[in-house]
Protein chains: 2
Amino acid sequence: MSIDFAILGFLSWRPLAGYDLKKLIADSEFLPWSGNNNQVYTTLVKLHRDELVTVEVQHQESLPARKTYSITEKGRASLRTWIISAPDTPQLRNSFLCQLAWADALQTAELDDLVGKYEHEVEMRLLVCREKIRREPPAPNRTARETFLWKMVHDNCVRAYEAELSWARELRRELARLSKPSEAAP
Amino acid sequence: MSIDFAILGFLSWRPLAGYDLKKLIADSEFLPWSGNNNQVYTTLVKLHRDELVTVEVQHQESLPARKTYSITEKGRASLRTWIISAPDTPQLRNSFLCQLAWADALQTAELDDLVGKYEHEVEMRLLVCREKIRREPPAPNRTARETFLWKMVHDNCVRAYEAELSWARELRRELARLSKPSEAAP
DNA sequence: CAGATCATGTAACTGGTTACATGATTCA
DNA sequence: TGAATCATGTAACCAGTTACATGATCTG
């Protein structure tokens with residue numbers, strides 16, 4: 001998947017400028033892109049070239065011109081085709097697993113410290129996630145069903161971090177159990 | 001993180017050729033890389049240039065020469081530094097969430113079909129994951145702790161897909177509840 | 001005879017990132 | 001006075017993918 005449909009999605013909600021899209025993408029919890037200029041602005045040029053969006057330029061006094069993009073019928077059709085296309089499996093990439101795979105080179109205390117750091121990292125990420133969702137920028141709430149869908153999307157993010165956190169805690173507990181008996185020997 | 005440490009990790013276990021590493025990476029459940037030639041072979045050249053590994057060339061009759069790479073002390077130190085470095089948060093990228101966010105444009109049956117396809121996709125992925133783990137290529141089992149660490153790493157993958165699956169099922173159930181009452185009206 | 005396995009390597013491309021550049025306005 | 005907000009855009013780079021190229025040997 002590319003950022004194209006994330007942008008088309010927002011434009012299917014309402015007309016927006018590149019600057020707005022950039023912020024919406026950067027602030028979103030479930031969209032995996034940083035929302036950097038290069039990506040957003042060049043994608044908009046491409047979508048316009050392909051006639052999936054139209055532009056309207058508003059010249060403003062003492063501020064750069066604002067280009068408001070709107071989705072076209074062709075754009076709406078393209079978005080719809082993508083939405084009903086076969087979903088991909090979620091991509092899990094967790095570099096900590098790779099660290100852990102070779103972490104037997106560490107001493108007990110070092111390993112506990114490493115897992116502790118990961119636990120803390122995930123805790124922090126979960127807080128950020130919840131906070132981001134709490135004050136999510138205005139999102140479409142056109143129908144009860146749409147509100148529900150967005151709720152479930154956000155729920156997915158929270159649950160993923162929660163599952164990760166409980167795994168990390170279990171890992172730490174088990175590692176402590178593995179190392180303690182020998183220390184407690186008479 | 002880059003593939004460098006995944007390669008150094010395997011080499012910290014035992015000497016291997018690029019061809020072996022490529023397969024180990026491709027077959028691994030928790031390493032997120034495809035294990036394509038370009039990446040593996042060029043990384044090995046780089047690691048060698050940086051003196052993190054040494055090479056030994058075995059000329060074989062009627063087969064291309066085999067280059068066996070071994071980790072150096074410098075390589076082991078570099079790997080260790082990375083292992084104890086602050087872990088990153090796991091990266092979740094799920095394009096289905098983006099599809100779902102704009103799926104209110106679909107009709108009840110279409111939406112149910114979409115979520116059903118996702119559920120099936122995750123089910124299949126979970127099966128593949130379990131199967132891959134069941135016949136994982138020989139992995140280091142140097143200590144009981146290392147065996148435990150690898151078990152937990154694999155567990156992490158399985159649990160992530162299980163969590164995803166239960167989320168998808170709940171989503172589908174709730175969507176059915178949302179749409180049925182109106183249909184059941186007299 | 002086609003296709004997998006062994007074993008190396010390169011070319012072209014996509015997708016994404018950081019950082020730079022401009023320039024007015026508002027706020028602490 | 002320095003930083004943030006508004007608003008556009010480009011350059012250079014890194015990571016990763018597919019596909020190509022070679023060529024013997026083994027298996028169905």
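Reckoned from all heavy atoms, side chains included, excluding hydrogens, waters and symmetry mates. Residue numbers begin at 1 in each chain, while the letters A, B, ... track the order of the sequences.
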For the side chain of [X], counting heavy atoms from C-beta on, which of [options] is nearest?
X: A/S34; options: D/dT17, C/dG16, C/dT17; answer: C/dT17
X: B/N38; options: C/dA12, D/dA12, C/dC6; answer: C/dA12
X: A/W33; options: C/dG16, D/dG23, C/dG9; answer: C/dG16
X: B/R93; options: C/dG16, D/dT18, C/dA21; answer: C/dG16
X: B/L63; options: C/dT8, D/dG23, D/dT5; answer: D/dG23
X: A/Y41; options: D/dT8, C/dT8, D/dC6; answer: D/dT8
X: B/K67; options: D/dG9, C/dT8, D/dG16; answer: C/dT8

To the nearest Å, how far apart are [X] [atom1] and [N] [atom2]?
X: B/D88; N: C/dT17; atom1: CG; atom2: P; value: 14 Å
X: B/I25; N: D/dT17; atom1: CD1; atom2: C1'; value: 15 Å
X: A/R66; N: C/dT25; atom1: CZ; atom2: C1'; value: 16 Å
X: B/K23; N: C/dT5; atom1: NZ; atom2: C1'; value: 7 Å
X: A/H59; N: D/dA7; atom1: NE2; atom2: P; value: 14 Å
X: A/Q91; N: C/dG15; atom1: CD; atom2: P; value: 14 Å
X: B/I3; N: D/dC14; atom1: CD1; atom2: P; value: 17 Å
X: A/L21; N: D/dG9; atom1: CG; atom2: C1'; value: 15 Å

Side-chain N or O of [X] versus OP1/OP2 of [N]: is the shortest distance under 4.0 Å?
X: B/Y19; N: C/dT8; result: no
X: A/Q39; N: C/dG15; result: no
X: B/K22; N: C/dC6; result: no
X: B/Q60; N: C/dC6; result: no

On a plain distance test, is the side chain of B/N36 in donor-acceptor contact with the base of D/dG16 below 3.5 Å? no
Considering only heavy atoms and no angle criterion, is a donor-acceptor pair shorter than 3.5 Å present between the side chain of A/N37 and the base of D/dT10? no
Can a salt bridge be assigned to the pair [X] and [Y] using a cut-off of 4.0 Å between side-chain N and carboxylate O?
X: B/R177; Y: B/E174; result: yes
X: B/R169; Y: B/E123; result: yes
X: A/E110; Y: B/R80; result: yes
X: A/E164; Y: A/R159; result: no
X: B/D112; Y: B/R172; result: yes

One would report the end-axis bend of the helix from C/dC1-D/dG28 to C/dA28-D/dT1, five pairs per end and rounded to 10 degrees, as 40°
By ring pair (Phe, Tyr, Trp, His ring centres under 6.0 Å) - contacts of B/Y69 (at least two apart): none
Side-chain donor-acceptor distances from residues 44-58 of chain A under 3.5 Å, at least two apart:
from	atom 1	to	atom 2	distance (Å)
A/K46	NZ	A/D4	OD2	2.8
A/Q58	OE1	A/T68	OG1	3.0
A/Q58	NE2	A/T68	OG1	3.1

Which sits closer to the 5' end of DNA chain D, B/K46 or A/A65, going by the nucleotide each is nearest to? A/A65
Option from B/W82, B/F10, B/W33 for which ring pair (Phe, Tyr, Trp, His ring centres under 6.0 Å) with B/F5 holds: B/W82
